[in-house]
Amino acid sequence: MTAMSEAPIYLDHAATTPVDPEVAEAMLPFISGPLSFGNPSSIHSYGRAARAAVDEARDRVAKLVGADYGDVYFTASGTEADNLALMGAMLAAPAPRNHLITSVVEHHAVLRTAWFLETQGWSVTQLPVDNSGLISSASVSEAILDRTTLVSIMHANNEIGTVQPVAEFSRLARERGALFHTDAVQTAGILEMDFRSLGCDLLSLSAHKMYGPKGVGALVVRQGTRLSPIVHGGSQEREKRAGTENVAAIVGFGVAADIALGRRNDDAERLVKLRDYFVQKLTERIPGIRLNGSMNSRLPNNVNVSIDGKDGPTLLMNLDRHGVAASSGSACSSGSIEPSHVLKAIGLPDGLASSGIRFTLGRSTTREHLDIVVGRFGAIVDRLRLPVKTGR
Ligand code: PLP
């Protein structure tokens, strides 16, 4: 937290969103009180009440993405949904289908699962992106083999916000008998979405990116898709995901999905205006600032910028000290800056790829917030650009 007296300005909605008060209120009776007694697998009335609440949430989450109630399987996170999609599809595939296609810009929940599968003997192709982060249909088409089981390409990138034409990719996969998965964790709360017309077999969601609670996600599965469970135990989630359901979190996810469905179009319209205003003001204020990612095919709330020679973590810490919560794709490991894999993939040299700062806007963001952030960020960059004085 900042030492400043007012609350920091939160521009990190891609990392997580605050829980909507209506969501929190709906969850409370399942955390404490009579509704918290029931295990959804129990036959008695408490159990039936918990089961009914989970089922209602399942229906709400399904509606958010234009899927059927029976397509939704709750998991403990978006990460777990991605793991289930990749490992579940590869494990269930009949021989000789042993090939997985994904992209170089996926979230680590997909990338590291793909790399793990590779160590276990599956073959993996990672598709490149162009300098705006887009994957070409030609590269998808060329990569699909007769033995391809699954094509997994994210709907929108969490760092640079580039939105991929996944309906086109899923069509290409299906034509060749492969399954198609998309990680829609960053999009479902913000973009209109129809599971059927996207043509996906598998789609991952996470509640905490849409003003729901952390620690609950879902995998949407087209009925009839071959999928092995990866968590074994009880027969919860129709034997696709063992473990007693996190009823309160699932209820919260359902309410968050319902709220998002009601307002996401209006939110997106407002956010696009704010995003474009912010980009314009940053460009005017900070000479040499570079916008990363596609401007035409971009999430309404994402602004990712680089400033040559300034590393992301330093900028980020300065922003934090000045009451602005943002994010950087680069990580500090063993004292050195590890450039973002996404910024490297769009062709940025190490200097720029280490300097990415991601601002992600949300429901509470106003023009006034953005004006303040432009002023503070501009002053930080000015200060960091000053030549270092050497004392005598
Ligand atoms: N996929 C994408 C694109 C994400 O942005 C994230 C989270 O940042 C995840 C997956 C993982 O979701 P969770 O935090 O629910 O595990």
Side-chain angles (χ1 to χ4, degrees), residues 10-19 23 61 64-65 72-88 102-116 126 129 133-135 152-164 166 169 181-191 193 198 200 202-220 230-231 241 243 246 249-250 252-254 256-257 260 292-293 297-304 325-331 340-343 345 356 358-362:
Y10 189 73
L11 291 184
D12 202 13
H13 292 84
T16 195
T17 49
V19 175
V23 168
V61 171
L64 179 73
V65 296
V72 175
Y73 295 84
F74 288 114
T75 61
S77 60
T79 299
E80 191 192 316
D82 284 341
N83 273 256
L84 177 57
L86 268 65
M87 293 210 271
T102 188
S103 84
V104 291
V105 292
E106 299 298 312
H107 187 273
H108 281 129
V110 165
L111 269 189
R112 291 194 173 142
T113 306
W115 296 340
F116 169 72
Q126 277 185 255
V129 293
L134 282 166
I135 295 158
S152 175
I153 295 177
M154 68 200 318
H155 194 198
N157 185 267
N158 46 296
E159 284 191 40
I160 56 175
T162 302
V163 182
Q164 305 289 345
V166 289
F169 300 159
H181 165 246
T182 196
D183 175 340
V185 164
Q186 289 292 342
T187 48
I190 272 188
L191 298 181
M193 187 171 302
L198 281 179
C200 298
L202 301 155
L203 180 141
S204 302
L205 300 170
S206 177
H208 76 101
K209 311 290 184 176
M210 54 175 94
Y211 302 85
K214 293 160 188 63
V216 60
L219 185 65
V220 186
I230 56 166
V231 177
R241 198 275 179 180
N246 183 349
I250 289 172
F253 190 3
N292 300 312
S297 188
R298 189 182 196 100
L299 279 175
N301 68 334
N302 175 292
V303 175
N304 185 310
S327 175
S328 145
S330 359
S340 143
H341 71 286
V342 175
L343 297 184
R358 178 187 72 183
F359 298 100
T360 43
L361 288 45

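Only heavy atoms go into these numbers, but all of them, side chains included; no hydrogens, no water, no symmetry mates. One-based numbering, in listed order, for ligands and for the atoms of each.
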Chemist: List ligand 1 atoms under 4.0 Å from His208, heavy atoms only on the residue side.
Modeler: 13 (P), 14 (O), 15 (O)
Chemist: Just to verify, which of Thr187, Asp183, Thr182 counts as forming a side chain to side chain donor-acceptor pair (under 3.5 Å) with His155?
Modeler: Thr187
Chemist: So is Glu106 in contact with ligand 1, going by heavy-atom distances below 4.0 Å?
Modeler: no
Chemist: Which ligand 1 atoms are under 4.0 Å away from a heavy-atom of Asp82?
Modeler: 1 (N), 10 (C)
Chemist: Does either side chain, that of Thr360 or that of Asn302, offer a donor lying less than 3.5 Å from an acceptor on the other one?
Modeler: no
Chemist: Within the 4.0 Å heavy-atom shell around Gln186, which atoms of ligand 1 are there?
Modeler: 3 (C), 4 (C), 5 (O)
Chemist: We want to know whether Lys209 and Thr16 form a side-chain donor-acceptor pair, criterion being a heavy-atom distance below 3.5 angstrom.
Modeler: no
Chemist: Below 4.0 angstrom from a heavy atom of Ser206, which ligand 1 atoms are there? Numbered from 1 as shown, please.
Modeler: 13 (P), 15 (O)
Chemist: Do the side-chain N and O atoms of His181 and Ser152 include a donor-acceptor pair separated by under 3.5 angstrom?
Modeler: yes
Chemist: From Phe116 CZ over to Met87 CE, what is the distance, rounded to the nearest 0.5 angstrom?
Modeler: 6.0 Å
Chemist: Report the nearest protein non-hydrogen atom to atom 11 (C) of ligand 1: residue, atom name, distance rounded to 0.1 Å.
Modeler: Thr79 OG1, 3.3 Å
Chemist: Side chains of Gln126 and Ser103 only: does a donor on one sit below 3.5 Å from an acceptor on the other?
Modeler: no
Chemist: Among all protein heavy atoms in this structure, tell me which lies nearest to atom 8 (O) of ligand 1, with the distance rounded to 0.1 Å.
Modeler: Lys209 NZ, 2.5 Å
Chemist: Do Gly78 and ligand 1 have an N or O pair less than 3.5 Å apart?
Modeler: yes
Chemist: With heavy-atom distances below 4.0 Å as the criterion, list the atoms of ligand 1 near Ser77.
Modeler: 15 (O), 16 (O)
Chemist: Among protein heavy atoms, which lies nearest atom 4 (C) of ligand 1, and at what distance?
Modeler: His107 CD2, 3.2 Å
Chemist: Can you tell me which residue and heavy atom of the protein come closest to atom 1 (N) of ligand 1, and the distance to 0.1 Å?
Modeler: Asp183 OD2, 2.6 Å
Chemist: Out of curiosity, Arg112 CZ to Thr79 OG1, how far, rounded to the nearest 0.5 Å?
Modeler: 10.5 Å
Chemist: When rounded to the nearest 0.5 angstrom, what is the spacing between CG in Leu361 and CG in Asn301?
Modeler: 6.5 Å
